[in-house]
Amino acid sequence: MSQPPMSKSGAPLDVMGSLRRSHHCGDVMKAAVGDEVILAGWVGRRRDHGGVIFVDLRDRTGIVQVVFRPESAPEAHTRAHHLRSEWVLMIRGEVESRSEETINPNMPTGTIEVNVRELRILNSASVPPFAIEEETDVDEQIRLRHRLHDLRRPPLQRALQIRHDLARAVRESLSDQDFLEIETPMLARATPEGARDFLVPSRLQPGEFYALPQSPQIMKQLFMIGGCDRYYQIARCFRDEDLRADRQLEFTQIDLELSFVGVEEILTVLERVMVEGCRACGVELEAPFKRITWTEAMSRFGCDKPDTRIQLELVELTDVFMTSEFKAFRGVAEAGGIVKALPIANAKELSRGEIDRLEKLVRKELGAKGLGWIRVEDDGTWKSPITKFLGEPELAAIRERCKTEPGMVIFFQADVAARANTVLSRLREDLGRRLGRVDGREWDPLLVIDFPLLEDDGEGGLTHVHQPFVAPVEEDLALLDTEPEKVRGTHYDVVLNGVELGSGSLRNHRSDIQRKILSIMGYSDAEMEASFGFLINALDVGAPPHGGFAFGFDRWVMTLARTDNLRDVIAFPKTQRGQDLLMEAPSAVDAEQLDELSLRIRAQPKSD
RNA sequence: GGGCCGGUAGUUCAAUUGGUUAGAGCACUGGCCUGUCACGCCAGAAGUUGCGGGUUCGAAUCCCGUCCGGCCCGCCA
């Protein structure tokens, strides 16, 4: 006969035997006082008084206090002295109501406790690297390395619950709207366009590679051509680009596409999915959503995904400085750049030192050339390092457009449009939040429409703003031949609280228009054939008018979970350098594996 | 590819700015304790100061390099 297994501390371990859980820890209130319950979970806090011992037993649903009394269960009580954090228990006992003075109002199960009759120690556990609690101040690196402990914390458990609830609601909503869930291959063809591909070497075709899909974009268009009418998928996507707080190498999209529709029908679907998805997570949104054109968003907020709860807005001054004596600003305006201002009323708390810090921030982090500012004193006089360069027309324009008043601070940027907007938009968000210039709404859904189809590629040509298959709006078709940079695309974004949750468009379903657009972007016929021949030829099979949308699922969950870090809502996320600290991926592989794939590792060249 | 911030005990931080044996809270270990819920009390253990080099009589502290984490720009669109 073998001895029962022992825990590290010498306490013998038990088997579950035929004992099975009757309730979850958080659901014990569903049992009546006096009922016998069987609970299972992990040891949270343990309070050993020598006599009576309290253990907070925890599972996914919550925490309940279980009590070991020497008089009611001597054996269980004796063994309970050995219990340590994160040990795995199963207990049998009676639900008892707590006396008035021992009720804990801070926990949902605080009016009752479970008097233990039988204890089964199912497993011991190594000492946890940090406490499993609601709040933690532990370094994220530690949390990622010990993800199993971190996952036990309530915020992570809640995030996974939101993922589930949202995915389920979205499936239901789209199914109700006659969408068909269809899968697409993960081993796909490499694409020269867009993000860097993750490549998968082929064993059977030595020297050739699959690519993991950046998104099912082309494949879902093929579904439309294939007569599937309405498709959706909760699809994993892969992009080998640098990570951010809101970007991971692999992420999940709610991808959908439908046939014989215009933009309005797609937006109707989108809004319904948004409303029903959010509702499943306890958030009510009102449809239809506010709409703003891309041009207006850039002008007023300097950003194509504005959080419109922030009450600050930018002011255009480019025209004023076209004729200014102030050479620094005039030069920028004449060279095609922009001059804009961010006026902030009642900004006395922005001290000179604070403004200096902001200037340093935007110069170092955002590459700004500087940060012009004016402060309007109580007596109405202006304090500023730049006003001495300004003539009366500019001063008047600033007064009028910024509606200057005592206590106001105005920030200025004169730069190429992209950078000036980036800088002022960042200041708008940072200062708007810090100074509490928000309108108090918790949720701010917004549709951004009328994106331009094409933009300057920085080398004298034009390139697509989003992806090469976006259809132009019909009334702008003629402009393709004359002023292609003015053509509006049918592209739209949906933004929630300043987070871009997704985007979509109508696609080109006629190969002649698709070819024309590609040719404007500088593709020769041969290049078109090489890069997009497959799709263009597919259009000629008889492609229906179609369009669709894709939500960034993780970002949506992130927003609903009220965090700004994607790693908080993904079970096993990667660090900014693309590593999984728990499973230690990526990793080296055996020479034999490489050999089978016809691969050889070249010594890392020294970069100089 | 670039900018900025950070790395000291399991963990969160400190170390009088280059000077004795690197300290404290929590966690941990042992003991005591029958109503706690951040239980309490007593005692104890715990360190390659990320790593490598340099300067110095002396480095956690200064310099160079490197690795790791975070935020951002580029990139992703």
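Just so you know, these numbers use all the heavy atoms, side chains as well, and skip hydrogens, waters and symmetry mates. Every chain is numbered from 1, with letters handed out A, B, ... down the list of sequences.
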Anything under 3.5 Å between a protein N or O and an N or O of nucleotides 71-75 of chain B, put it in a table, one pair a line.
from: B:rC71; atom 1: OP1; to: A:Arg567; atom 2: NH2; distance (Å): 2.8
from: B:rC71; atom 1: OP2; to: A:Gln576; atom 2: NE2; distance (Å): 3.3
from: B:rC71; atom 1: N4; to: A:Gln576; atom 2: OE1; distance (Å): 3.4
from: B:rC72; atom 1: OP2; to: A:Ala245; atom 2: N; distance (Å): 3.4
from: B:rC72; atom 1: O2'; to: A:Glu365; atom 2: O; distance (Å): 3.3
from: B:rC73; atom 1: OP2; to: A:Arg244; atom 2: NE; distance (Å): 3.1
from: B:rC73; atom 1: O4'; to: A:Glu365; atom 2: O; distance (Å): 3.4
from: B:rG74; atom 1: N7; to: A:Arg244; atom 2: NH2; distance (Å): 2.8
from: B:rG74; atom 1: O6; to: A:Arg244; atom 2: NH1; distance (Å): 2.9
from: B:rG74; atom 1: O6; to: A:Arg244; atom 2: NH2; distance (Å): 3.2
from: B:rG74; atom 1: N1; to: A:Asp242; atom 2: OD2; distance (Å): 2.7
from: B:rG74; atom 1: N2; to: A:Asp242; atom 2: OD2; distance (Å): 3.3
from: B:rC75; atom 1: O2'; to: A:Glu241; atom 2: OE1; distance (Å): 2.6
from: B:rC75; atom 1: O2; to: A:Arg247; atom 2: NH2; distance (Å): 3.1
from: B:rC75; atom 1: N3; to: A:Arg247; atom 2: NH1; distance (Å): 3.2
from: B:rC75; atom 1: N3; to: A:Arg247; atom 2: NH2; distance (Å): 2.7
from: B:rC75; atom 1: N4; to: A:Arg247; atom 2: NH1; distance (Å): 3.0

Exercise. With a 3.5 Å cut-off and just heavy-atom distances, do the side chain of A:Glu113 and the base of B:rG35 make a donor-acceptor pair?
Worked result: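 When only heavy-atom distances are counted, A:Glu113 does reach the base of B:rG35 through a donor-acceptor pair under 3.5 Å.
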For this session: Please state whether the base of B:rU36 and the side chain of A:Arg98 form at least one donor-acceptor pair under 3.5 Å?
Result: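 Per atom types, the contact qualifies.
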Problem set entry | Set of salt bridge (charged side-chain N to carboxylate O under 4.0 Å, His left out) partners for A:Asp197, sequence neighbours left out |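 A:Asp197 satisfies salt bridge (charged side-chain N to carboxylate O under 4.0 Å, His left out) with no residue once adjacent residues are dropped.
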Take atom [atom1] of [X] and atom [atom2] of [N], then tell me their distance rounded to the nearest Å.
X        : N      : atom1 : atom2 : value
A:Phe130 : B:rU12 : CZ    : P     : 10 Å
A:His81  : B:rU36 : NE2   : P     : 18 Å
A:Arg145 : B:rG10 : CZ    : P     : 12 Å
A:Leu83  : B:rC37 : CG    : P     : 19 Å
A:Glu71  : B:rU34 : CD    : P     : 11 Å
A:Glu584 : B:rC68 : CD    : P     : 13 Å

Inter-nucleotide [atom1] distance ([N], [M]), Å rounded:
N      : M      : atom1 : answer
B:rC75 : B:rA15 : P     : 41 Å
B:rA22 : B:rG3  : C1'   : 33 Å
B:rC42 : B:rA27 : P     : 14 Å
B:rC63 : B:rU21 : P     : 25 Å
B:rA24 : B:rU66 : P     : 37 Å
B:rC13 : B:rG65 : C1'   : 28 Å
B:rC68 : B:rG52 : P     : 16 Å
B:rU8  : B:rG44 : C1'   : 22 Å

Closer than 4.0 Å, any side-chain N/O of [X] to the OP1 or OP2 of [N]?
X        : N      : value
A:Thr102 : B:rU36 : no
A:Gln579 : B:rG69 : yes
A:Arg47  : B:rC39 : yes
A:Arg577 : B:rC68 : yes

Exercise. So A:His466 and A:Phe451, would you call those rings parallel, tilted or perpendicular, with 30° and 60° as cut-offs?
Worked result: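 Rings of A:His466 and A:Phe451: perpendicular, over 60°.
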Problem set entry | Residue mapping more 5' on RNA chain B - nearest nucleotide basis, A:Glu101 or A:His146 |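 Result of the comparison: A:His146.
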Exercise. Taking for each residue the nucleotide of RNA chain B with the nearest heavy atom, is it A:Arg239 or A:Asn104 whose nucleotide lies nearer the 5' end?
Worked result: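 Result: A:Asn104.
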For this session: Take A:Arg143 and A:Asp568 through the salt bridge (charged side-chain N to carboxylate O under 4.0 Å, His left out) test and state the conclusion after the steps.
Result: CA-CA 10 Å; A:Arg143 290 174 48 206; A:Asp568 287 340; 3.4 Å; yes
For this session: Could you check if the base of B:rU17 is syn or anti? Syn means the glycosidic torsion is within 90 degrees of 0.
Result: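 Classified syn.
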Can you name the residues that form a side-chain contact (heavy atoms from CB on, under 4.5 Å) with [X], not counting sequence neighbours?
X        : answer
A:Asn421 : A:Met298, A:Leu314, A:Ile338, A:Lys340, A:Ala417
A:Glu354 : A:Leu350, A:Ser351, A:Arg357, A:Leu358, A:Arg434
A:Pro108 : none
A:Arg117 : A:Ser72, A:Arg92, A:Glu94, A:Asn115

Salt bridge (charged side-chain N to carboxylate O under 4.0 Å, His left out) contacts in which one or both residues fall within [range], not counting sequence neighbours:
range                       : answer
residues 57-66 of chain A   : A:Arg58-A:Glu86
residues 293-303 of chain A : A:Glu296-A:Arg300, A:Arg300-A:Glu313
residues 573-584 of chain A : A:Glu250-A:Lys574

Exercise. What pairs meet the ring-ring contact (aromatic ring centres under 6.0 Å, His included) rule with one or both residues in residues 51-71 of chain A, with sequence neighbours excluded?
Worked result: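 Found A:His49-A:Phe54.
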For this session: Over all heavy atoms of both residues, which pair between A:Pro484 and A:Leu454 is shortest? Give the atoms and the distance, please.
Result: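 For A:Pro484 and A:Leu454, the tightest heavy-atom pair comes out as O-CD1, 3.9 Å.
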For nucleotides 24-28 of chain B, which of its nitrogen or oxygen atoms have a protein nitrogen or oxygen under 3.5 Å away, and what is each distance?
none

Classify [X] by what it touches in the nucleic acid, base, sugar-phosphate, or nothing, heavy-atom distance under 4.0 Å.
X        : value
A:Leu361 : nothing
A:Glu135 : nothing
A:Glu86  : nothing

Exercise. What is the pairing partner of B:rG74, taking Watson-Crick or G-U wobble pairs with both distances under 3.5 Å in any strand?
Worked result: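 Here B:rG74 is not engaged in any pair, so there is no nucleotide opposite it.
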For this session: Sort out the partner of B:rC28 for me: Watson-Crick or G-U wobble, both distances under 3.5 Å, none otherwise.
Result: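 The answer is B:rG44, by the H-bond criterion.
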Exercise. At what distance, to the nearest 0.5 angstrom, does CG of A:Asp493 lie from OG of A:Ser505?
Worked result: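 Result: 10.5 Å between the selected atoms.
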Exercise. Distance from A:Phe532 atom CZ to A:Gln514 atom CD, nearest 0.5 Å?
Worked result: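 One finds 8.0 Å between CZ of A:Phe532 and CD of A:Gln514.
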For this session: Please list, by residue number, the residues of residues 49-68 of chain A whose heavy atoms come closer than 4.0 Å to an atom of RNA chain B; answer none if no residue qualifies.
Result: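 Heavy-atom contacts with RNA chain B come from A:His49, A:Gly50, A:Gly51, A:Val52, A:Phe54, A:Gln65.
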Exercise. Counting side-chain heavy atoms from C-beta on, which of B:rG69, B:rU11, B:rG35 comes nearest to A:Gln141?
Worked result: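 Out of B:rG69, B:rU11, B:rG35, the nucleotide with an atom closest to A:Gln141's side chain is B:rG69.
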